[in-house]
Amino acid sequence: MDYNFESIEKKWQQYWRDNGTYKVEIDKNKPKFYVLDMFPYPSGAGLHVGHPLGYIASDIYARYKRLKGFNVLHPMGYDAYGLPAEQYAIQTGTHPAVTTEKNINRYREQLDKIGFSYDWDREVRTSDPSYYKWTQWTFIQLFNSYYCNHEKKARPVKELVRHFSIYGTKDLDVACGKQISFTADEWNDMTEKEHQSLLMNYRLAYLADTMVNWCPELGTVLANDEVSEGLSVRGGYPVIRKEMKQWLLRITAYSDRLLEGLDTVDWNESIKDVQRNWIGKSMGASLFFKVENKDIDIEVFTTRADTLFGVTFMVLAPEHPLINDIVSDDQKENVEEYVMWAKNRSERERMAEVKKVSGVFTGTYAINPMNGDRIPIWIADYVLMGYGTGAIMAVPAHDSRDFAFARHFNLPVIQVVTKDVDNNTDTSNWEESFDAKEGVMINSDFLNGMTVKEAILAMIKEIERRGIGKGKTNYRLRDAIFSRQRYWGEPFPIYYKDGMPYPFDEDKLPLELPSINAFKPTENGEPPLARAENWVTEEGYPIETNTMPGFAGSSGYYLRYMDPHNDNALVGEEADRYWQQVDLYIGGAEHATGHLIYSRFWNKFLFDIGVSCKDEPYRKMINQGMIQGRSNFVYRVNFEKMAEYRVWDFLKDNKLGVTFVRDFKAGRRRFDFYCQSKNIIIEIKKVSSLEKLEEAYENIAKELGCKLLLIPIRQVVMDEDFEVVKQKIRNLVAGKKVPAFEGIDTIEYPNLFVSKNIPGREYYSDPIRVDINMVHNDILDVEEFVKWRDDLAGSEFIFEKDKDGNPIYVCGWEVEKMSKSKYNVQNPDDLVVKYGADTLRFYEMFLGPLEQSKPWDTQGIEGVFRFIRKYWRLYFNENGDFCVSDEPATKEELKALHKLIKKEADDIERMSFNTVVSAFMICVNELSDLKCNKRSVLEPLAVMISPYAPHIAEELWHQLGHDDSVVNQCYPEFNEQYVIENTFIYPVSFNGKKRFDIELPLNMDVKAMEIAVLSAPEAEKWVSGKSIKKVIIIPKKIINIVVA
RNA sequence: GCGGGUGUGGCGAAAUUGGCAGACGCGUCAGACUUAGGAUCUGAUGCCGAAAGGCGUGGGGGUUCGAGUCCCUUCAUCCGCACCA
């Protein structure tokens, strides 16, 4: 019987479905284990080979744990709300629900073909009312909670109201937007509306006017992690800053807990670092500077309180609220102009021009509270309103940005920290500031002689003593903007009465997303939900028209899997206490600052209110690497570069030395260049510094016997006719005809494509992407390519020749992200059709370590396929009949088996999935060589292979005569005695260099071993004429003899 | 600039505690079987060398009987963050 994967896989997938093989229930007799994949957004493109990588790993782990006797929860669902379906709806009018449903079905079909062991009865979809009921419910709980800094947990707003009515803001230590103080009487005199407005300052979900990232193209705001370099992550549209009323989550209240929690989870350190960075805790001091002749104090935050005596000016952000109050009359105009200019710059410009110094003097001075010095107050956009207080004390001697600013505007620089004691404190010739937090204080009164660390503490103490400020911790983390001006998301369970928001009663949930007839914003810029008819409560109050962002539904989904059909709670207590938290979470590292931080916050809140019994949602996490695609390119001749090439021809014919320097990136200290002269081409790559470049240059010039100058590209310098040629080249570049190069810009070139290895490729560019299916082993199917791009009909191709002299067109290639637009997507379905799911599963694991990014390359899959068939053949005789013998296994057979038992278990536990595949191959090779067909070996082997290749394992398991599923078996026990040897083959080294092997009994004592080794005939050659200094014998490892 | 990772054959990679570097697989070469081969099987395959032998884990240095692994230094490269005070 041949290995017919197609029928086998179909048969068992059906069997598992029919028998509910992967259904899981609470079973208190078994230890639980929760393995979770990050659920996918079901995009229209379907799965590509990168998606299943993590899913396969988690499936193997889940199946392995099941064999080891755990009750494994392994669910899957869909992050079904999202922008693409809505964009598609705007374009085509198709309801996002329809698109999403279709995509989900496609995903499900693809997932099923790979043979995952998900319990589909537990599937969740974030867009399903029975699911988002609980997203809305959680939002209401957040709305009704505040954060108590003292207890370090969320508490009901009701308690806060009680506190206000008895004590006002006295003894209040809570997370809030602004520091406000009022008495109990004042509170009690306020109206309901004033109460509601004030409480917004404390709620964990609150409404506020905020600067947001507004993306006009998408018509919505975006969270910080949805914006990269001033462009939207999805779509790449420009993003501007804009003030809008938005819902926010007070995630900053949890900064410290989010930070501390990282120490308790088993995650990759780099992800933890990214999160620590994102939270950005920094400890320092906040202090007030008095403004001269005005009754105004400006608060600044600094981590370098030690440098207070080095302050020479002060800088405010252009958005700072006090600017109008402090600016002097004669500077008013300049300041206004600068502030306008700064405001109108896009985020992108601002980021791109980080190095450019700009600013304006306010005409006003502040007083340094420590020494009474009068310091000018400036405004500059290098100070950000969003961090700290929006104002800084500038210490140019010890901060590079302040230094650049001081030099640009000619402000004084005072050194207060020195590395060595007798440092000259004249800073006038400094080229850069001394930023390091180390050294000894000088010019600093009572701090002199202290180290920086001591001085920081001493200064904070002094600041607090004088009452001009206090020690303070600052965070980079901002509250999460929670409103989106979109249709396809969870509606807020909020209505407005008297202009103030109120939550729905919980028994009114879910508040279902209404159907609307068009999906874009309304004419007056309101979100699409404003189009919904009757979008009001029963009492007629208008309902919120924003919807929640993508991370709302994905923040608590892992809890819902525990108890997905519970109508009375997000998760029932019994289910929560049993499943606790995710034991292994597998997904991409790109969610480090998004989903993974929101989800942790969300869970901590649910923990505070008693819904979740664990403070951290994901105990252990593995981030699978990205599978990259191999993109193929054809190169087209670039006419501009061709012209340059002609220039070069001309110069060469005239025996002139020419130099082009390319890719001159001084900032990155890397220079690639080449030099062509006198028919010689010299290439020097990766020169590490400008000095070395110049040095290399001199050598070339000497060798060539001509004068060379180092000039960036497109400028050409030579030792004769310098001006003339330079002008000609200039004209050429400007598009004018030049007599010496006549013809080149008049010749009509067809589309000319050049095979990869044909010389002179540097003059070709303009690469065109090629669909991966038209390329086999880098060789392009030209006919198909031209058919595919019919606009390129009539193109000419310059071919290479293969070893038989046949013309072939070789493509260039690059490794990049797999994406539809790059034509490099590999679809798992095709591979399943060709090789079967088991081979695909094995191969994805065999590619390399799970956490590493790697280019997808289908070449190696054949080897895995070969191995699977070899494994299959162990169970069959030469006639293809199933043939397993009940005779006892031999020593060698048991040894091969038990080596694998140990190796597989050890390696899966440490997430080394790729090495397990090798171990399988070794074992199958050995058993195959031994012609082993013993039941006592092949039966456990089928169990062991089932996590990786469940279909073939199930088939063979049943052929072995079993009625139950291989999934429910026990992982075989490792028995050490089968792998124990009584001898060991020692490598024998002389001075650390291996010379020969010697087999010795393991129970031999060291003395006897030494004698045996030295008297071995091979040893003779290495010891003769030398004296033996030392003999090192490490039992079961190595023998090393030191001779001299 | 700061933080983190990576660097080993033609390629993907392995070496878990300092102990035979390159397991396993791809590719390549040679051979067998075959009308045929994009099937199967066997053998070879780090580099130099006819061999003996020498050299080899980005470079340089160190510790050690012994270093891919530990320490110092340097280069390259990828990722994340960034006028964060």
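Numbered from 1 within each chain, the chains take letters A, B, ... in sequence-line order. Only heavy atoms go into these numbers, but all of them, side chains included; no hydrogens, no water, no symmetry mates. Since this is a predicted model, take the numbers as computed values, not measurements.
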For a side chain to side chain contact (heavy atoms under 4.5 Å, CB included) with A/Tyr948, tell me which candidate from A/Ile868, A/Ile56, A/Asp838, A/Val916 qualifies.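 Output: one option passes, namely A/Val916.
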Tell me, for nucleotides 13-21 of chain B in 5' to 3' order, what letter each nucleotide earns: B for a base near a protein heavy atom under 4.0 Å, S for only sugar-phosphate near one, - for neither? SSSB--BB-
In the 5'-to-3' direction, what one-character label does each nucleotide of nucleotides 37-48 of chain B receive under the scheme B = base within less than 4.0 Å of a protein heavy atom, S = sugar-phosphate only, - = no such atom? -B-SS-------
Of A/Gly388 and A/Val274, whose nearest nucleotide on RNA chain B comes first from the 5' end?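 Result: A/Val274.
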Pairwise 5' ranking along RNA chain B for A/Asn268 and A/Gly390, keeping only the more 5' one: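 Result: A/Asn268.
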Take atom [atom1] in [N] and the same atom in [M], then report the distance between them in whole Å.
{"N": "B/C72", "M": "B/G22", "atom1": "P", "value": "29 Å"}
{"N": "B/U69", "M": "B/U16", "atom1": "C1'", "value": "11 Å"}
{"N": "B/G12", "M": "B/A30", "atom1": "P", "value": "25 Å"}
{"N": "B/G19", "M": "B/G54", "atom1": "C1'", "value": "22 Å"}
{"N": "B/C75", "M": "B/A82", "atom1": "C1'", "value": "25 Å"}
{"N": "B/A85", "M": "B/U77", "atom1": "C1'", "value": "32 Å"}
{"N": "B/U63", "M": "B/A51", "atom1": "C1'", "value": "37 Å"}
{"N": "B/U8", "M": "B/G1", "atom1": "P", "value": "25 Å"}

Scan every strand shown for a Watson-Crick or G-U wobble partner of [N], both distances under 3.5 Å, and answer none if you come up empty.
{"N": "B/U40", "answer": "B/A32"}
{"N": "B/G27", "answer": "B/U45"}
{"N": "B/G18", "answer": "none"}
{"N": "B/G1", "answer": "B/C81"}
{"N": "B/G56", "answer": "none"}

Quick check, are the ring centers of A/Tyr835 and A/Tyr843 under 6.0 angstrom apart?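 That pair fails the under 6.0 Å test.
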Going by salt bridge (charged side-chain N to carboxylate O under 4.0 Å, His left out), name the residues that satisfy it together with A/Asp306, two or more places apart in sequence or in a different chain.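 Scan of A/Asp306 (salt bridge (charged side-chain N to carboxylate O under 4.0 Å, His left out), adjacent residues dropped) gives A/Arg304.
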Just jot down the salt bridge (charged side-chain N to carboxylate O under 4.0 Å, His left out) partners of A/Lys1029, sequence neighbours excluded, or say none.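 Salt bridge (charged side-chain N to carboxylate O under 4.0 Å, His left out) check on A/Lys1029 returns nothing, list empty.
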Could you tell me the separation between the [atom1] atom of [X] and the [atom2] atom of [N], rounded to a whole number of Å?
{"X": "A/Trp267", "N": "B/G5", "atom1": "CH2", "atom2": "P", "result": "18 Å"}
{"X": "A/Ile271", "N": "B/G80", "atom1": "CD1", "atom2": "P", "result": "11 Å"}
{"X": "A/Ile1033", "N": "B/G66", "atom1": "CD1", "atom2": "P", "result": "17 Å"}
{"X": "A/Leu840", "N": "B/G25", "atom1": "CG", "atom2": "C1'", "result": "16 Å"}
{"X": "A/Ile1041", "N": "B/U64", "atom1": "CD1", "atom2": "P", "result": "21 Å"}
{"X": "A/Asn277", "N": "B/G3", "atom1": "CG", "atom2": "C1'", "result": "6 Å"}
{"X": "A/Met626", "N": "B/C78", "atom1": "CE", "atom2": "P", "result": "14 Å"}
{"X": "A/Ile279", "N": "B/G80", "atom1": "CD1", "atom2": "C1'", "result": "15 Å"}

Taking the side chain of A/Asp273 as its heavy atoms from C-beta onward, which of B/C24, B/A85, B/G4 lies nearest to it?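 Within the option list, the nearest is B/G4.
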Of all the choices, B/A23, B/C83, B/A85, which nucleotide is nearest to the side chain of A/Asp381 once you look at every atom?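 For A/Asp381, the side-chain atoms sit closest to B/C83.
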Atom CG in A/Asp435, atom CZ in A/Phe403: separation rounded to 0.5 Å?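 One gets 9.5 Å once the value is rounded to the nearest 0.5 Å.
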Can you tell me how far apart OH (A/Tyr64) and CD1 (A/Ile908) are? Round to the nearest 0.5 Å.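 The CD1 atom of A/Ile908 is 6.0 Å from OH of A/Tyr64, to the nearest 0.5 Å.
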Do A/Arg401's NZ or CZ and the ring of A/Phe405 fall within the cation-pi criteria of under 6.0 Å and 45°?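 Here A/Arg401 fails the 6.0 Å and 45° test against A/Phe405.
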Mind checking what makes ring-ring contact (aromatic ring centres under 6.0 Å, His included) contact with A/Phe867, not counting sequence neighbours?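 Partners of A/Phe867 under the ring-ring contact (aromatic ring centres under 6.0 Å, His included) test: A/Phe842.
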State which residues pass ring-ring contact (aromatic ring centres under 6.0 Å, His included) with A/Tyr475; sequence neighbours excluded, sorted by chain then number.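 A/Tyr475 satisfies ring-ring contact (aromatic ring centres under 6.0 Å, His included) with no other residue.
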Does OP1 or OP2 of B/C84 have a side-chain N or O of A/Arg401 closer than 4.0 Å?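 Yes, such a contact exists.
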Between B/G4 and A/Arg276, is there an OP1 or OP2 to side-chain N/O distance shorter than 4.0 Å?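 For A/Arg276, the contact criterion (side-chain N or O under 4.0 Å from OP1 or OP2 of B/G4) is not met.
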Report the residues that fulfil side-chain contact (heavy atoms from CB on, under 4.5 Å) with A/Arg276, sequence neighbours left out, ordered by chain and then residue number.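 For A/Arg276 the side-chain contact (heavy atoms from CB on, under 4.5 Å) partners, ignoring immediate neighbours, are A/Leu259, A/Leu262, A/Asp263, A/Glu269, A/Lys272, A/Asp273.
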Students often get this wrong, so: under 4.0 angstrom with heavy atoms, is A/Ser270 touching a base, only sugar-phosphate, or nothing?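 It contacts sugar-phosphate atoms only.
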What side-chain donor-acceptor pairs closer than 3.5 Å can you find for residues 923-930 of chain A, not counting sequence neighbours?
unit_1, atom_1, unit_2, atom_2, d
A/Asn925, OD1, A/Lys870, NZ, 2.9
A/Asn925, ND2, A/Met921, O, 3.3
A/Glu926, OE2, A/Lys899, NZ, 3.1

Inter- and intrachain pairs under side-chain hydrogen bond (donor to acceptor under 3.5 Å, both in side chains), touching residues 1032-1041 of chain A, at least two apart: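 Listed by first then second residue: nothing to list.
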N-glycosidic conformation, B/G43 - syn within 90 degrees of 0, else anti: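 With its glycosidic angle more than 90° from zero, B/G43 counts as anti.
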